[in-house]
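Okay, structure first, notes after.
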Amino acid sequence: MDTVVVALLNGVIYGLLLFMISSGLTLIFGMMGILNFAHASFYMLGAYLAFTAVTIFGFWGGILVGTLGVALIGFVCERYLLRHVRSFGHVQELLLTFGLFFAFEELVKLFYGPYAVAYSVPESLRFAAFTIGDASYPFFRVLIGATAIVMFAAIFCLLRFTRIGLVVRAAVLNPDMVRALGYNVSAIFSAMFAVGAGLAGLAGAMGGAYYTTSPNMATELGVIVFVVVVVGGLGSVGGALIASLLIGILVNAVVYLDVTFGQILATIGLVSQKTASDLLAVPLSSTAGVLPFLLMLLVLMFRPQGIAGDDRA
Amino acid sequence: MSDITLSLASVAKSFGIVRVLEAIDLEIARGERHALIGPNGAGKSTLFNLISGAFAPTSGTITLNGAAIGGLVPHKINRAGLGRSFQITHVFDKLTVRENIMLSVMGRFGKRWSLLRRGPVWTDIARETDAILEGANLTTRAHKRAGDLAYSEQRAVEICMTVGTGADLILLDEPTAGMSREETEHVITFIRRMTEGRTLVMVEHDMDVVFNLADRVSVLVNGRILMTGTPAEIRADARVKEAYLGEGAH
Amino acid sequence: MKSISYILMAAVAALLIVLPYVGDLASQNLAIKVMIAAIFALGFNLLWGQAGLPSFGHAAYYGIGTFATIYAMEAIDKGGFLPTPLLPLVGAAAGFVFGLIAGWFATIRTGVYFAMITVALAELVSAIAVKWEGVFGGESGLRSIRSDWGPFAFQTTTSVYYLTLVWAVLVMLFLYWLQGSPFGLIVRGIRERELRVKFLGYDARKVKTLVFALSAAVSGLAGGLLAISDESANMVLFQGAGSAFVVLNTVIGGANVFFGPVIGAALTTCFGYFGANLSHFWMFYLGVAFVATVLFAPEGIGGAIVERARQVRAGERALLNLSDIANLSALIVAIVGLIILVEVTGTICSESYRAAVASGQGVWPAVKLMGLSFNPLSPLTWIAGIGGLLLGTWVLLKQGLAKWPSFLRRTELAQPVGTGEAK
């Protein structure tokens with residue numbers, strides 16, 4: 001029972017981390033129609049920037065540098081690169097972000113080498129938040145979750161209760177109309193892109209310390225974020241939240257199931273015991289990496305527009 | 001088969017809680033040229049999209065040549081014998097004019113998956129394509145890219161494509177939109193010639209075009225058909241005048 | 001102009017035929033790799049350039065082709081009757097079947113969704129390959145051997161070279177013919193305006209699924225040739241890099257020109273082959289080249305060649321004029337600047353260099369590059385790098401190389417809002 005609770009908690013927190021990245025991706029898509037391949041790179045850059053700044057500014061300074069630094073990078077990418085290709089259609093934008101994704105990964109390797117770097121949670125923050133049964137639950141994990149919730153609440157309030165938020169929400173729905181009303185949509189785009197990138201950077205700065213910081217963290221997380229966005233429905237922040245949590249829990253919970261595929265198939269009589277133990281000795285827990293994709297295929301079959309997506313896109 | 005090509009029976013469409021069309025009944029005879037008119041927001045485009053399969057009706061039935069087509073996907077509706085044009089020109093910019101029309105003619109010859117080979121059918125397709133080009137005076141333009149043509153020529157290509165599928169019901173969405181008076185005159189003659197012997201349904205704002213081209217006219221107001229009649233009857237009807245004047249349009 | 005391209009093609013063909021007699025083993029191996037990459041890129045471009053469908057997960061079909069062929073080779077070795085020269089067809093068949101399934105899923109959505117689904121499907125295949133050691137051989141992969149067939153022996157590199165060459169020619173003929181076929185016309189129509197194609201009575205989804213499967217089949221065939229050449233298959237094939245490279249090849253070469261992907265594949269494969277020996281950071285250069293292509297030459301090298309040929313024919317420009325030479329020099333200056341920056345930075349950040357500094361009591365050794373020594377502590381090094389890069393780029397932008405080709409129009413592939421998926 002305790003392990004189940006721990007698994008669920010892990011899942012929720014991993015899901016919240018996913019949400020910090022997917023919400024930015026989905027907002028940017030809703031507003032600009034750009035699918036930003038490099039969004040997960042922002043997550044990676046956040047971790048590396050924080051790792052570099054930690055030695056100078058301390059851990060919290062590092063987190064701050066990671067967040068703001070990536071926001072700045074995002075701003076530059078939008079203002080000086082993406083805007084340049086905007087008039088040539090979404091495919092060109094997609095290609096550009098894809099190229100950036102590729103280049104960022106190589107850039108990180110250039111400075112830090114191809115292996116993981118020793119970026120970790122400082123000793124002072126390594127204590128248990130609470131205990132569940134015999135297991136103590138690390139404080140930093142809770143902190144990641146709490147940060148995600150606070151950020152989400154802040155953005156929600158900003159969008160919902162301020163005048164800037166109103167303009168941004170309108171720009172997501174119909175940028176041309178907002179432009180016609182006399183607002184500087186280009187500036188809003190740049191700012192939103194920077195905020196989305198900054199969120200991913202924050203997620204990287206925190207997540208990188210807890211999980212691992214390596215050049216392929218962008219690839220690993222990037223695909224999962226894509227799955228989240230397809231499952232949740234592009235352009236929907238609510239959908240992204242639900243899908244993030246769902247996938248976070250799914251991935252973490254299955255690790256605790258101790259059976260193999262062969263055993264399952266043999267039990268229902270589809271294959272012989274011998275095949276089960278030779279060819280199909282794949283433990284179900286090892287499918288954690290596959291499950292999000294299977295979920296995505298199911299969603300595509302039965303609800304192609306995603307959990308909260310509408311029929312528009 | 002009866003003489004009715006298209007028939008709509010109590011067709012209704014809602015978007016969410018908004019009822020755009022209610023209880024539309026309409027019968028269009030074979031060979032008839034029928035125009036849908038009405039003030040902005042009356043539901044003309046929605047009705048058009050229902051017939052061509054862009055949307056599914058909320059209730060009611062749409063019958064084409066005796067077969068129900070309501071809610072079918074566009075390509076199936078097309079194979080049932082309906083071709084449509086678009087208000088905003090939808091030609092294939094980067095293909096040549098001939099390729100544009102060939103693409104539409106190919107569909108008529110069925111067995112699309114065996115079209116990998118340029119067999120005897122292929123010569124039929126080529127002949128038919130050239131005939132359409134000839135009829136539309138587009139032969140000299142055949143190897144130009146459609147995107148490089150003048151706007152009115154693109155409209156002509158668009159109408160040729162609609163006719164090229166071999167559909168016996170042609171839907172035209174504002175065929176003269178954005179044209180000068182001179183071009184409009186030209187297009188009316190063109191449409192008359194190209195759609196000879198077929199059934200035509202069009203949405204049009206330009207009353208001159210409507211009264212010039214249509215055999216019968218339906219007036220759509222607030223999601224209902226106010227009246228259907230010959231152009232002369234429509235012109236004389238007080239309710240139609242009121243609907244238009246009441247809207248302050250035209 | 002046409003005669004020039006025929007002469008060029010004849011020269012390339014002649015060179016390819018005599019290569020084993022004039023080149024050494026290494027050049028044959030390189031040529032095999034180039035041809036495989038070219039076939040892969042051509043297959044990919046059937047989907048990307050012809051149908052306008054952005055796939056970012058084609059490594060899956062390539063890898064599946066390789067593994068299927070390895071299993072077939074194993075079967076032949078154990079007494080199967082399939083002729084070795086026809087082995088690539090096994091890869092093609094495997095690619096086709098998986099392509100049908102994947103295509104069915106991916107074409108449920110359009111535009112950027114399509115792109116994301118292809119990524120996720122490739123990742124799914126990759127994740128399965130990693131976990132399922134029984135089939136994919138885990139980290140060590142699978143090995144098999146080429147069997148001879150009748151009078152044909154396939155033990156030498158030269159024999160593999162000619163086999164690959166024959167298949168490359170066959171694939172090109174097939175794809176060229178497909179492009180001109182009625183089916184190819186429908187596919188191009190879908191790229192232009194899918195909605196219109198639907199209203200012309202074609203089942204666009206079916207066409208897209210089929211074109212996806214055909215593209216996957218050609219990719220699988222390329223994978224099969226790789227299996228024959230390497231006599232091994234490894235799950236590394238499924239990783240994202242494979243999918244990325246084929247996109248890079250196609251875009252750098254030019255997706256709207258038939259031979260564009262071939263040009264791109266040849267360039268990046270050669271660049272990888274020589275570059276990997278010269279620098280640890282060749283992938284970074286490739287990434288920069290790709291971003292620069294997208295920004296400044298969206299039609300790729302092939303597109304630029306075609307455009308220039310058109311201009312020359314129309315008498316608008318000379319084949320080579322002064323501004324080209326200026327541009328070229330600026331480009332070289334920019335590249336040299338970039339190389340200095342990247343190599344010096346990369347070297348001083350590497351662990352071995354840090355160790356050298358530590359053992360040398362804090363003395364920073366010079367970085368050897370292009371026969372010159374660069375002192376990383378000297379500002380001159382950095383001025384040379386940054387200055388070269390900025391100067392070169394500035395001249396290029398001023399010269400107007402960055403201008404978009406006139407024939408490039410806005411493509412309407414993704415429709416975030418509107419009737420992109422009207423039923």
Side-chain angles (χ1 to χ4, degrees), chain A residues 29-30 32-35 37 81 84-85 87-96 98-107 109-113 173-174 216 219 222-224 226-227 229-230 234-235 278-283 286-287 289-290 292-294 296-297 300-301 304-305 311-313, chain C residues 52 54 56 105-106 108-113 115-117 119-124 127-128 130-135 239-240 244 247-248 251 280-281 283-288 290-295 298 342 345-346 349-351 402 404 408-418 420-421:
Chain A
F29 179 83
M32 305 155 88
I34 295 176
L35 174 68
F37 259 105
L81 298 176
H84 184 66
V85 298
S87 55
F88 298 94
H90 290 307
V91 176
Q92 221 57 25
E93 288 172 339
L94 194 66
L95 274 177
L96 181 66
F98 183 70
L100 288 175
F101 169 81
F102 193 87
F104 279 141
E105 184 172 325
E106 297 307 317
L107 191 69
K109 283 185 195 163
L110 180 69
F111 282 100
Y112 302 95
L173 291 173
N174 191 342
N216 59 355
T219 316
V223 252
I224 303 281
F226 276 5
V227 170
V229 169
V230 172
L234 252 182
D278 292 350
L279 202 60
L280 295 168
V282 180
S286 73
T287 61
V290 182
F293 306 112
L294 292 180
M296 182 193 76
L297 296 185
L300 276 175
M301 270 196 280
Q305 74 272 37
D311 288 328
R312 281 188 313 158
Chain C
F56 289 90
F105 276 108
I108 293 177
R109 307 299 309 263
T110 56
V112 290
Y113 277 93
M116 284 193 287
I117 294 165
V119 172
L121 284 170
E123 201 56 33
L124 174 66
I128 292 173
V130 170
K131 300 294 180 195
W132 203 353
E133 291 195 17
V135 173
Q239 287 175 1
V247 176
L248 260 61
V251 171
H280 293 300
F281 314 113
M283 296 257 280
F284 179 73
Y285 296 119
L286 200 58
V288 172
F290 177 76
V291 171
T293 309
V294 173
L295 280 175
V342 168
T345 312
C349 287
S350 69
E351 269 178 44
W404 302 87
L408 187 85
R409 302 236 175 142
R410 193 187 164 85
T411 45
E412 298 197 14
L413 201 136
Q415 292 168 303
V417 186
E421 256 183 311

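Lettering follows sequence order; numbering is per chain, from 1. Quantities reported herein were computed from a predicted structural model and do not represent experimental measurements.
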Hey, could you give me the [atom1]/[atom2] distance between [X] and [Y], rounded to the nearest 0.5 Å?
{"X": "A/M296", "Y": "C/E123", "atom1": "CE", "atom2": "CD", "value": "11.0 Å"}
{"X": "A/E106", "Y": "C/F281", "atom1": "CD", "atom2": "CZ", "value": "10.0 Å"}
{"X": "A/Q305", "Y": "C/I108", "atom1": "CD", "atom2": "CD1", "value": "11.5 Å"}
{"X": "C/Y285", "Y": "A/L110", "atom1": "OH", "atom2": "CG", "value": "8.0 Å"}
{"X": "C/I117", "Y": "A/F293", "atom1": "CD1", "atom2": "CZ", "value": "13.0 Å"}
{"X": "C/Y113", "Y": "A/F226", "atom1": "OH", "atom2": "CZ", "value": "12.0 Å"}

Side chain, backbone, both or neither of [X] within contact of chain A (heavy atoms, under 4.5 Å):
{"X": "C/A122", "result": "neither"}
{"X": "C/V251", "result": "side chain"}
{"X": "C/V130", "result": "neither"}

Please state whether the side chain, the backbone, both or neither of [X] comes within less than 4.5 Å of a heavy atom of chain C.
{"X": "A/I34", "answer": "neither"}
{"X": "A/F37", "answer": "side chain"}
{"X": "A/F102", "answer": "side chain"}

For the residue pair [X] and [Y], establish whether any side-chain heavy-atom pair is separated by less than 4.5 Å.
{"X": "A/L94", "Y": "C/P54", "value": "yes"}
{"X": "A/F98", "Y": "C/V294", "value": "no"}
{"X": "C/L121", "Y": "A/L297", "value": "yes"}

Heavy-atom closest pair, residues A/L95 and C/F290: O-CE2, 3.3 Å
